[in-house]
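Scroll down for the structure; my scribbles are underneath it.
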Number of protein chains: 2
Amino acid sequence: MARTRLTPEREGELYEAVLDLLREVGYDALTMDAVASRTRSSKATLYRQWGSKPELVVKALRHGKPVSLSDIDTGSLRGDFHAALSRTDDCQMEKDAALMRGLSHAVHENPELLQALRELLIEPEMTGLDQLLQRAVDRGELRPDNPALKYIPHMLVGALAARQLIEDRPLDQAFLMDYVDAVILPALGV
Amino acid sequence: MARTRLTPEREGELYEAVLDLLREVGYDALTMDAVASRTRSSKATLYRQWGSKPELVVKALRHGKPVSLSDIDTGSLRGDFHAALSRTDDCQMEKDAALMRGLSHAVHENPELLQALRELLIEPEMTGLDQLLQRAVDRGELRPDNPALKYIPHMLVGALAARQLIEDRPLDQAFLMDYVDAVILPALGV
């Protein structure tokens, strides 16, 4: 069967509509019917293009982050981390955090959503992070056997989760940059 | 009105029943009726003793952790952290993690639950942690101006959340002790 390709603009519109719906109603209440109706497309198109709701949702989440971490190369690990954070302004961070709150429960109830998140969002970010770290090792900034290396995702997830849960404050660049300087770089011995 | 005090045994039974119900049905579906029926007590007693569902739930969560961090004093910060982790065996950690998963969504929907968690569980633990850290400062192990000090909760929350979300593995003592040695102590310059 010939597959009609969507234009990048149309694809972008669909992803934005999915993200809006996610923020409005959450993952569980987001249906392919609602996406089809909001975007004036057919459910058949949605399923042909994305296969399933978890995949569509994760692709939509990934849509906002087109540049991979591995493309960042400022010449120092600290510069790379700060450059990565500079890409997302505070308003966007709060919108991302709202999405993540909406997904945090759904992830536990929907193994296929967690699987799609791992494959499409977490793994690519981890690969980009590995390349960024490898360059720091190559420059002699970072020891490849540093025991904190495998825990960078844990440190980052903690910053996001505890900021809201314990501090009751929104995520912002200044906080995350301070966390990188106070926690992540010292743990890495940089 | 004279207030009938529950015996500590009876109070413990009630808390265990609340925790069982939380694991079985989650926070939203847990009702005071269900607790009353499961424990063969009256709703009036439950409300008189605990005031509200969030308070009862958080007191029940706190019940399993009677010893405060501040009572731990092994003579070194590493010893204190490891001693704190040794108190909870792997089976109990998994049960605690299941509870936390059940609460993570409810916390965002129920501000009064988050408030009770902060006041009754998070704040006391933070106070205990502060005392444990103060002793490390007094011994000269830890600089009081270390910028990672304020981020210890973030580092800990990250260990708990990312272990399950990213690694898809259960929490256990060996992982948390390695995380303390690889991340928390180096970030603190210890």
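Just so it is clear, the values below take in all heavy atoms, side chains as well, and ignore hydrogens, waters and symmetry mates. Throughout, protein chains are lettered first and strands after them, A, B, ... in sequence-line order, and every chain is numbered starting at 1.
- Here A:Gly158 is the residue among A:Ala148, A:Gly158, A:Pro147 with the most heavy-atom pairs under 4.5 Å with chain B.
- The 12-atom threshold is not exceeded at CZ of A:Arg143, counting heavy atoms of other residues, nucleotides or ligands nearer than 6.0 Å.
- Interface check for chain B: of the options A:Val157, A:Asn146, A:Asp168, the most heavy-atom pairs under 4.5 Å are formed by A:Asp168.
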When you look at A:Met155 and B:Tyr179, which way does the side-chain contact (heavy atoms from CB on, under 4.5 Å) test go after all the steps?
CA-CA 10 Å; A:Met155 292 187 254; B:Tyr179 186 80; 4.0 Å; yes
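- B:Arg10 CZ: more than 12 foreign heavy atoms inside a 6.0 Å radius.
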Intermediate values then yes/no, side-chain contact (heavy atoms from CB on, under 4.5 Å), A:Arg163 and B:Tyr151:
CA-CA 9 Å; A:Arg163 177 71 166 177; B:Tyr151 294 130; over 6 Å; no
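- The residue among A:Glu167, A:Met126, A:Arg118 with the most heavy atom pairs within less than 4.5 Å of chain B is A:Arg118.
- In this structure, the portions of B:Asp178 lying under 4.5 Å from any heavy atom of chain A include both its backbone and its side chain.
- Interface residue B:Val183: backbone and side-chain heavy atoms are both found under 4.5 Å from chain A.
- Using the six-membered ring where Trp is involved, A:His154 and B:Phe175 have ring planes that are tilted, between 30° and 60° apart.
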